[in-house]
Every structure is written in C-alpha cells, then in structure tokens.
Amino acid sequence: MQQPWLNTPRTPQRLSTLDNVEAILSRAGEAQCQHLPESEAKRLLQEYGIPTTACLGAVTAEKAVELAEQIGYPVVLKALSPRIVHKSDAGGVRLGLRNAAEVDEAYQDILAVARTIDPSALVSVQEMAKPGVEVIIGATTDPHFGPVIMFGLGGVFTELLEDVCFRLIPICRQDAQDMIVSLKSAPLLTGYRGESPKDIAAVADILWRASELIRTHPEIIQLDLNPVIVHEKGAVVVDARAVLA
Ligand code: ADP
Ligand code: MG
C-alpha cells in the first residue's frame, strides 16, 4: 500500500539539469513573474536533487479529487498563485484532508478566498508529510556581502528567539553540518529528552544543494524553503518560494 506522506526523494546522478532550470527561469521571465509560485519553485529544487512534496495544480474540484486519489490520502490543498505569498494567512492552506468530500470542500473554500486576491489563482494538491521537526532554509543577497544562506528552526525559534545562522554562499557540506549544530536549538534535531535524533545529514544536504542552486543561478535573488520537515530518516521541503532579479 502506498504511504501517502512518504515523499520518495530523488537521488540524481548529477547535481542539476541546467537546461531544465533555464527553462523554468525563462518561463517566469516570459510571464514577467518575479515571484515563482510554489509549484515552479519546487521544480527548481527538484532539479537540484532537493526532495519536495509534489505540488500539482488543479483547475477543477474533480481534478483536485483525482490528483488526491493518485497521491493517496491524507493530502494538503493550497492556494497557488505568485501573488499570494503568505498562503495560510490568506486562508489558503488546508491540511490533513482524508477523502474526496473534504478535498471538494477545501477546493471551493480556497478558490473563493484566493480569487479575491488573484483572479487567476489555482489550487494545488500535495501529499501530507508526516510530522517532524520544522526547519527553515533561506537565501538572500546582502548589498555588501553578496549571496548568503540562512538556517534556522521553524516558528518561535527563528522569529522570536532569532536563533539563526548565516553563511556566505558557497558553502561546502561540512559548513552546512556546522551551521546546523551551531544553533542553540540544535538539540531538537540531535535528540532531546528522549526524542529520537533527526536526519541532520539530510538537512545538511539540502542546505548545500540550495547554496549550489544560488551559486549557479545568481538571478535567483531570494529563496525560502519554509518549512523543511525533518524526520528520523530524510527531510522534505513542503513550502518553497523563489524571487528572481
Ligand atoms: P505559507 O507559509 O504560505 O502560509 P505553507 O505551505 O508553509 O504556507 O503551509 C503552512 C504550514 O502548513 C507549514 O508551515 C506546515 O506546517 C504545514 N504544511 C504545509 N504543507 C504541508 C505538507 N505538504 N505536509 C505537511 N504539512 C504541511
Ligand atoms: Mg511556508
């Protein structure tokens, strides 16, 4: 039986298919779209061997149900539009949908709110990742130092406690590992009070690959993988955003 939450990470032989990356970036250029929607941002990441939940656009409720059945329940539905940056704030994220009726209802609800912001918004369907530790990986361009990569733990750890780590791009795999364990909140990943340790090597791999993506394509001026859900084995990006120059 298919495990609905299991995203089978791709382990490519090569780091990227540059042609595919160029195609994604030029598609955005043609559409004069500086902010890549989640589906396109995730495609970019997948080209660099970064595991993500699939993000498939549905144009009708029937199609959303069909995709959900292909993926396997539970699924997540989200607003899909480059103009909706904070999807949950806009009422555009519904988690843990267990059957066709729930998908149908969520589709209608999300579309109604999304279309008030962007008349051409779609709804995406994706697998629900199983619970784990949520971390954030980001990249920005500092006016003085150039491209930098950021790592933090999700939620209050980053926003409230500012427990984050920055490095100049490029980083090597060891730098990535060092960034992760340098955080005060690292015990949440390494194992705290009987909690099982999480797959730090998988997170370090994503950090390094994100750094390589930005190094190779400086036209990507901002990248947000928020969150990446880290499990005992593996880690998966469930939300992604990219901004082009
Ligand atoms: P936004 O950041 O635009 O509000 P997200 O896509 O990050 O929207 O979704 C909000 C939250 O929902 C995430 O922080 C995460 O906790 C959860 N979430 C989103 N997608 C998934 C998924 N595919 N599997 C499990 N949890 C998810
Ligand atoms: Mg998010």
Side-chain angles (χ1 to χ4, degrees), residues 2-10 33 35-46 50-58 64 67-98 102-103 106-107 109-111 113-118 121-140 150-160 164 185 188-189 198-199 202-203 206 210 222-243:
Q2 194 191 0
Q3 296 281 18
W5 54 78
L6 259 190
N7 184 51
T8 33
R10 299 188 336 161
C33 181
H35 291 254
L36 293 191
E38 184 181 340
S39 52
E40 291 288 277
K42 282 181 169 174
R43 256 180 221 132
L44 267 186
L45 300 176
Q46 286 165 7
I50 296 176
T52 79
T53 50
C55 183
L56 306 167
L67 289 171
E69 299 200 330
Q70 273 167 25
I71 292 167
Y73 295 105
V75 293
V76 174
L77 261 63
K78 298 185 195 177
L80 183 61
S81 156
R83 288 174 52 194
I84 305 176
V85 177
H86 300 293
K87 299 176 288 294
S88 27
D89 291 351
V93 177
R94 296 285 291 276
L95 305 172
L97 306 169
R98 290 161 307 176
E102 289 185 5
V103 169
Y107 180 91
D109 291 352
I110 292 174
L111 198 66
V113 292
R115 291 267 161 107
T116 63
I117 302 166
D118 175 4
L122 293 178
V123 175
S124 74
V125 185
Q126 60 187 263
E127 66 262 41
M128 172 93 185
K130 65 178 166 143
V133 175
E134 295 197 359
V135 303
I136 301 172
I137 291 174
T140 44
M150 179 277 250
F151 177 76
L153 271 89
V156 292
F157 296 100
T158 297
E159 283 164 23
L160 210 61
V164 290
S185 44
L188 290 170
L189 288 169
K198 304 295 180 277
D199 196 338
V203 189
I206 296 176
Q222 200 184 323
L223 187 67
D224 290 301
L225 317 186
N226 183 5
V228 181
I229 301 186
V230 192
H231 299 123
E232 278 170 46
K233 192 151 178 20
V236 61
V237 176
V238 304
D239 184 27
R241 205 164 74 87
V243 182

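Just so you know, ligand 1 is whichever comes first in the structure, and atom 1 is the first atom listed for that ligand. Just so you know, residue 1 is the first one in the sequence shown, and it goes up from there.
Contact check for Ile206 versus Leu225: side-chain heavy atoms found under the 4.5 Å cut-off. Using a 4.5 Å cut-off on side-chain heavy atoms (C-beta onward), Cys55 and Leu80 make contact. The shortest distance between side-chain heavy atoms of Val125 and Ile71 falls below 4.5 Å.
Atoms CD and CG, from Gln222 and Leu36 in turn, are 11.5 Å apart once rounded to the nearest 0.5 Å. Here Thr53 contributes atom OG1 and Glu127 contributes atom CD; the two are 5.5 Å apart, rounded to the nearest 0.5 Å. Atom CD1 of Ile136 and atom CG of Leu153 lie 8.0 Å apart (nearest 0.5 Å).
Set against the non-hydrogen atoms of Val93, the atoms of ligand 1 under 4.0 Å away are 8 (O), 9 (O). Atoms of ligand 1 lying under 4.0 Å from any heavy atom of Val85, numbered from 1 in the order shown and given with element: 3 (O). Listed by number with element, the atoms of ligand 1 under 4.0 angstrom from any heavy atom of Asn226 are 7 (O).
Side-chain atoms of Gln46 and Thr52 form a donor-acceptor pair, as typed in the model, at a separation below 3.5 Å.
Taking 2.8 Å as the criterion, Asn226 counts as a coordinating residue of the Mg ion (ligand 2), since one of its N, O or S atoms falls below it. Among the backbone and side-chain atoms of Asp224, no N/O/S atom is found under 2.8 Å from the Mg ion (ligand 2).
Among protein heavy atoms, atom 7 (O) of ligand 1 sits closest to Asp239 OD2, 2.9 Å. Counting only heavy atoms of the protein, atom 16 (O) of ligand 1 lies nearest to Glu134 OE2, 2.7 Å. Closest to atom 6 (O) of ligand 1, if we only count protein heavy atoms, is Lys78 NZ, 2.7 Å. When only non-hydrogen protein atoms are considered, atom 18 (N) of ligand 1 lies nearest to Leu95 CD2, 3.5 Å.
In this structure, Ile84 falls outside the shell of residues with a heavy atom less than 4.0 angstrom from ligand 1.
Panel note: side chain Lys78, backbone Ile110; no donor-acceptor pair is recorded below 3.5 Å.
Annotation for Val236 and Ala129: closest pair CG1-CB, 4.0 Å, computed over non-hydrogen atoms.
Between the Mg ion (ligand 2) and the N, O or S atoms of Asp239, the shortest distance is to OD2.
By the criterion of a heavy-atom distance under 4.0 Å, the backbone of His86, and not its side chain, is placed next to ligand 1. When heavy-atom distances to ligand 1 are checked against a 4.0 Å cut-off, Glu127 comes that close only through its backbone atoms N, CA, C and O.
Within a 4.0 Å radius of atom 22 (C) of ligand 1, the protein contributes one or more non-hydrogen atoms.
By the 4.0 Å N-to-carboxylate-O rule, Asp239 lies close enough to Lys87 to be salt-bridged with it.
Comparing Ser88, Pro227, Ala129, Gly91 against atom 4 (O) of ligand 1, the shortest heavy-atom distance belongs to Ser88.
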